[in-house]
Every structure is written in structure tokens, then in C-alpha cells.
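What follows is a set of notes on a single structure, which appears directly below.
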Amino acid sequence: MTEVDVQDPARVPVVMKNLLIAYAGNVGAQARAGARQDWAVKGMTPQPDGGRWRFDGAMPSGRAVQAETGLASRGTVIVQVNVSGPSVQAEVAKQFFEGFVFSVP
């Protein structure tokens with residue numbers, strides 16, 4: 001999990017886009033090639049650039065990888081959570097992402 005406080009609400013969309021592009025590159029995929037899904041996280045601040053993406057990529061070794069990443073925010077805090085491996089079972093990923101919540105004071 002990656003968590004970052006950008007401290008300026010105007011930076012949230014920019015940082016979310018950059019995190020997505022960086023993650024896609026890390027798994028050898030293109031950010032535009034990922035399939036976006038809505039992702040509602042309890043306690044989040046809705047952001048048009050938030051959501052979940054699924055990628056098929058390749059590691060530098062050439063080994064195939066499937067990956068999913070989720071981006072959500074609460075105020076100026078952005079979180080990114082990821083699952084990856086040779087294959088990612090849809091039901092396992094769904095349970096993982098649905099179990100994520102922001103701590104609400």
C-alpha cells in the first residue's frame with residue numbers, strides 16, 4: 001500500500017494520475033490499456049480519477065503478470081493498493097478491494 005498526503009486538494013488528481021502511470025509501468029503495461037472500474041471506499045472523498053484498474057503486463061524477465069491497482073482519497077490523502085501475480089483471480093481481488101476502508105475518526 002502507498003499512502004501520500006499531497007496537502008493541496010488541487011494536487012490530488014495529478015498525483016492519482018501519476019501513481020497510475022507509474023504502477024502500470026512497473027508491471028510492464030500501459031495505463032491507458034487498463035480497464036477502469038468504479039471503487040467506493042468507506043470514508044473516501046469522491047474523486048473522478050479514483051477507481052480500480054486491471055492490467056496484463058510483463059516483468060523485465062519476460063514473465064507474464066496480471067495486476068490490479070486501486071486509487072482512492074480522503075481529503076488530501078491518497079492511497080494506492082495493489083494485487084499482482086502470474087494470475088489474479090477476480091473473486092479474490094474483489095474481496096481484497098471491498099475490504100479496504102479509511103479509518104474514520
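Keep in mind that the numbers below use all heavy atoms, side chains included, and drop hydrogens, waters and symmetry copies.
Residues that satisfy the side chain to side chain contact (heavy atoms under 4.5 Å, CB included) test with Gln7, not counting sequence neighbours, are Asp5. With sequence neighbours excluded, no residue satisfies salt bridge (Lys or Arg N to Asp or Glu O under 4.0 Å) with Asp8. For Phe100, the ring pair (Phe, Tyr, Trp, His ring centres under 6.0 Å) partners are Trp39, Phe102, not counting sequence neighbours.
Among all heavy-atom pairs drawn from Ala58 and Gly62, the shortest one is CB-O, 4.3 Å. Closest non-hydrogen pair, Thr76 versus Val12, comes out as CA-CG2, 4.0 Å. Closest heavy-atom contact between Val65 and Met59: CG1-SD, 3.8 Å.
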Contacts under 3.5 angstrom, residues 17-25 side chains, donor-acceptor by atom type, not counting sequence neighbours:
residue	atom	partner	partner atom	Å
Asn18	ND2	Val14	O	3.4

Output side-chain donor-acceptor pairs under 3.5 Å for residues 43-51, partner residues at least two apart or in another chain, one line each.
residue	atom	partner	partner atom	Å
Thr45	OG1	Gly75	N	2.8

Under 3.5 Å, side-chain donor or acceptor atoms of residues 85-93 against the rest of the protein: list the pairs with distances, not counting sequence neighbours.
none

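Separating the CD atom in Glu98 from the NZ atom in Lys42 is a distance of 14.0 Å, to the nearest 0.5 Å. Of the inter-residue distances, the one linking Glu68 atom CD with Trp53 atom CH2 reads 11.5 Å to the nearest 0.5 angstrom.
If you chain together hydrophobic residues whose side chains sit under 4.5 Å apart, Val41 and Met1 fall into the same group.
The side-chain hydrogen bond (donor to acceptor under 3.5 Å, both in side chains) contacts involving residues 77-86 comprise Thr69-Gln80, Thr69-Asn82, where partners must be two or more places apart or lie in separate chains.
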